[in-house]
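What you see is a predicted model; the values in this text were computed from it and never measured. The sequence lines fix the lettering, A, B, ..., with proteins before strands; numbering per chain opens at 1.
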2 protein chains.
Amino acid sequence: MTSIAILGGTGQQGRGLAQRFAAAGIHVTVGSRDPQRARDAVASWHHHDLVEVADNIAAVDQSDLTVLAIPFSSVDAILAELRDHFKHGSIVVDVTVPVTFAAGKMAMLEVAEGSATEHIRARLPGHVQLAAAFKTVPAHLLGSSGEPLDCDEFVCADSDEARAQAMALVQKLPGLRPVDVGPLSRARFVEHLTALAIAINRRHKIHDARFRVAGLP
Amino acid sequence: MTSIAILGGTGQQGRGLAQRFAAAGIHVTVGSRDPQRARDAVASWHHHDLVEVADNIAAVDQSDLTVLAIPFSSVDAILAELRDHFKHGSIVVDVTVPVTFAAGKMAMLEVAEGSATEHIRARLPGHVQLAAAFKTVPAHLLGSSGEPLDCDEFVCADSDEARAQAMALVQKLPGLRPVDVGPLSRARFVEHLTALAIAINRRHKIHDARFRVAGLP
C-alpha cells in the first residue's frame with residue numbers, strides 16, 4: 001500500500017486530513033519541522049496509533065505520496081529543502097491556497113504561475129507527479145471529527161497517475177466525492193472557489209461553507 | 001413594479017433569463033441592436049406576450065433595472081453608448097463572465113479591474129447601482145424551459161439596494177437560491193466559478209454543471 005506523508009500535518013488543514021485518514025484506517029506520517037512538538041500534539045488524537053511523526057525530510061524520503069498542507073507562504077523554502085528527497089515518480093498532492101488575511105481582510109495573492117499548484121509544479125523535480133485536491137473542504141470541518149463532510153472535492157492533474165491517486169484519496173474520506181476538473185491549470189479556478197467559500201463564511205458568520213456540483217451524472 | 005430590461009436578450013444567457021422571467025409572470029423588455037430580428041425571435045417563445053422588444057437605448061431609458069447579458073467583449077462599446085441613458089439611481093445586474101474560447105480552449109481573460117463586474121462598475125455613472133448575479137447558472141439549462149434549475153446563485157454588490165433587488169430577482173426563478181457573497185469585489189471569485197463549471201462540463205461531456213453551497217443555515 002502507498003505510504004502517505006502529510007507535510008504541515010499540525011496546521012489546521014493538515015491535521016484535519018491526517019486525523020480523517022487515520023480514522024479511515026490509513027497509516028500516515030506527519031512531517032514537521034519540530035517533530036517533538038508534533039509528537040506531543042499527535043499523542044492526543046484519536047487513532048494516533050496510525051500516525052507517525054518525522055521531520056519533513058524523513059517523511060518525504062519514505063513516502064510514495066506526499067500531501068502538501070503547508071501554508072502557501074512556506075512553499076518556496078520547504079520545497080527548496082525537500083526537492084532532492086522525493087522518491088522517483090512519487091506523487092505530490094497540493095492542498096495549498098494562496099489566500100492572505102492581511103489586516104483582517106481576505107484576499108488572494110497574485111501568483112505569477114496562475115495558481116499555487118502551478119507555482120509548486122515549477123518548483124518540483126520533473127519526475128514528481130503533481131495533483132491538486134482537498135483545496136475546498138473547510139479546515140474547520142475536517143478537524144471536527146464527528147461532522148459529516150458532505151461535499152465535493154475538485155481534483156486536477158496533468159499526470160493520469162497523480163489524478164487517479166488523488167481521486168482515490170478523496171474517496172477514502174466518507175462524505176467526500178472527487179470531481180475531476182481536468183489539467184493542473186484548472187487549479188486557479190479551484191483556488192478561487194476556496195476564496196468564495198471564505199467570503200461566504202465571513203458574510204454569513206459560518207465556518208463550513210462548501211460546494212456540491214449539480215448536473216454530474 | 002420594477003420594469004426590467006435585458007440587454008443581450010437574444011443571446012443564450014439573456015434569452016434563458018428573459019424566458020424564465022416571463023414564465024414567472026414578469027414583464028421584461030429585451031434590448032437589442034436589431035429589434036426587428038429580436039422581435040422575430042421572441043415571437044416563437046412561450047409567454048412572449050410578457051416580452052417587449054426595443055433598441056438598447058429605449059430599453060434602458062424606460063427601465064428601473066437593467067440586466068447586462070451581453071458578451072463581455074461588447075461591454076465597452078455598449079456602455080459607452082448607454083452611459084447617459086440610465087435612470088438616476090437605477091439598478092444594473094451584471095451577468096457577464098470574462099471567458100474566451102479561442103481555438104476551442106476555454107480561458108479567462110485578464111481583466112485589469114479584477115473582474116468583469118468591476119470593469120463594468122468603472123464604466124457606469126456613479127448614480128447607477130450595480131450587482132452581479134446569474135453568473136453561474138448554466139445558459140444551456142436556463143434555456144431548457146422544462147428543466148429545474150436546482151442550484152445556488154451568487155450575488156454581490158456594494159449597494160444594499162442593488163443587492164436586495166438582485167437577490168429578489170434570483171428568488172423569482174423557481175429552483176434558484178440567492179447566496180449573498182458580499183461586496184462587488186467578490187465577483188472575481190464567482191466568475192472563476194463559472195470557469196470551473198465550464199471546465200467540469202468539458203471534462204465530463206455534460207452541459208449543466210452548477211453549484212450548491214452546503215453549510216449555510
[atom1]/[X] to [atom2]/[Y] distance, rounded to the nearest 0.5 angstrom?
| X | Y | atom1 | atom2 | answer |
| --- | --- | --- | --- | --- |
| F189(B) | L193(A) | CZ | CG | 10.5 Å |
| K105(A) | S185(B) | NZ | OG | 5.5 Å |
| L216(B) | R210(A) | CG | CZ | 9.5 Å |

| request: Indicate the atoms forming the closest heavy-atom contact of A199(B) with R186(A), along with that distance. | output: CB-NE, 3.5 Å
| task | Pick whichever of E191(B), R163(B), R188(B) has the most heavy-atom pairs under 4.5 Å with chain A. | result |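 Between E191(B), R163(B), R188(B), the count favours R163(B).
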| message | Looking only at heavy atoms and a cut-off of under 4.5 Å, which of P138(B), A214(B), G215(B) has the most pairs with chain A? | response | A214(B)
| message | Is I206(A) close to chain B through its backbone or its side chain, or both, or neither, when contacts mean heavy atoms under 4.5 Å? | response |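 Just the side chain, heavy atoms under 4.5 Å.
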| Ring geometry between H192(B) and H192(A) (parallel below 30°, tilted from 30 to 60°, perpendicular above 60°) | parallel
| Stepwise side chain to side chain contact (heavy atoms under 4.5 Å, CB included) check, I200(A) with F154(B) | CA-CA 10 Å; I200(A) 293 171; F154(B) 304 93; 3.8 Å; yes
| Within a strict 4.5 Å, meaning less than it, do heavy atoms of the D180(A) and H204(B) side chains meet? | yes
